[in-house]
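For reference, positions follow the sequence shown, starting with 1.
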Amino acid sequence: MKKISEINEVYTVYRAVASDGVDPTVKAFVEITKDGKVIYSNEISEDYHFVPTEYGKYTITYSAVDRNKRDTSISYVITIKDRIKPQLI
């Protein structure tokens, strides 16, 4: 997965599949945050296409929860940079 992207460029957050050897009702979720503010949070059963509108670091957190409220999560950070040179006209 790409960890550096451009502002206003589509970034794909890939779907997650959660499993549990005992509980077939496990659900997978994704949450996107920037500076502690939640940008997006929902169940993720298909790819989510996110368009960052600000420079900086965004945290993508996947989590899985079973019917007994046992959970696990994993996170990674993407950095949105300005890599486009200015143009002279």
Side-chain angles (χ1 to χ4, degrees):
M1 68 191 81
K2 186 169 63 167
K3 295 207 177 174
I4 295 178
S5 192
E6 205 51 66
I7 197 166
N8 296 321
E9 178 182 282
V10 175
Y11 182 88
T12 301
V13 178
Y14 295 102
R15 74 182 186 100
V17 177
S19 66
D20 184 318
V22 178
D23 185 353
T25 63
V26 178
K27 292 186 179 183
F29 298 88
V30 68
E31 182 176 87
I32 302 171
T33 59
K34 180 178 186 309
D35 300 327
K37 178 182 171 192
V38 176
I39 306 296
Y40 177 82
S41 182
N42 208 344
E43 190 170 344
I44 188 160
S45 57
E46 57 186 49
D47 294 350
Y48 174 69
H49 304 287
F50 166 59
V51 179
T53 58
E54 296 179 30
Y55 296 112
K57 296 183 184 293
Y58 291 78
T59 302
I60 314 294
T61 302
Y62 290 97
S63 60
V65 180
D66 69 12
R67 69 175 163 218
N68 291 313
K69 306 289 187 225
R70 286 188 288 268
D71 64 347
T72 190
S73 65
I74 188 168
S75 298
Y76 67 95
V77 175
I78 61 169
T79 302
I80 306 303
K81 292 187 172 185
D82 179 2
R83 298 182 297 181
I84 299 172
K85 295 179 182 180
Q87 297 179 7
L88 293 172
I89 300 176

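Pairs of residues two or more places apart, or lying in two chains, that qualify as salt bridge (charged side-chain N to carboxylate O under 4.0 Å, His left out) and include a residue from residues 34-58 are K34-E54. Residue pairs that meet the side chain to side chain donor-acceptor pair (under 3.5 Å) test with at least one member in residues 18-32, sequence neighbours left out, are D23-T25.
If you chain together hydrophobic residues whose side chains sit under 4.5 Å apart, V38 and Y11 never meet in one group. V26 and Y62 are assigned to two separate hydrophobic clusters, defined by single-linkage of ILVMFWY side chains at heavy-atom distances under 4.5 Å. Under the 4.5 Å side-chain heavy-atom criterion for ILVMFWY residues, no single connected hydrophobic cluster contains both V77 and V30.
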Please test I74 against T72 for side chain to side chain contact (heavy atoms under 4.5 Å, CB included), starting from the C-alpha separation and ending with a verdict. CA-CA 7 Å; I74 188 168; T72 190; over 6 Å; no
Candidate pair R15 and V17, rule side chain to side chain contact (heavy atoms under 4.5 Å, CB included), full reasoning: CA-CA 7 Å; R15 74 182 186 100; V17 177; 3.2 Å; yes
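T79 contributes atom OG1, which lies 11.0 Å from atom OH of Y58 (distance to the nearest 0.5 angstrom). Taking CG of N8 as the start and OG1 of T53 as the end, the distance is 7.0 Å to the nearest 0.5 Å.
Summarising the geometry of V51 relative to V10, their closest heavy-atom pair is CG2-CG2, 3.9 Å, with the distance given to 0.1 Å.
Taking the side-chain contact (heavy atoms from CB on, under 4.5 Å) definition, one finds that Y48 meets it with V13, I32, Y40, I44, F50, sequence neighbours left out. Applying the side-chain contact (heavy atoms from CB on, under 4.5 Å) rule to T61 yields the partners T59, S73, S75; only residues at least two apart in sequence or on another chain are considered. Applying the salt bridge (charged side-chain N to carboxylate O under 4.0 Å, His left out) rule to R70 yields the partners D66; only residues at least two apart in sequence or on another chain are considered.
Other residues sharing the hydrophobic cluster of V65, ordered by chain and number and joined by side-chain separations under 4.5 Å: F29.
Residues P52 and I7 fail the side-chain proximity criterion, which asks for heavy atoms closer than 4.5 Å.
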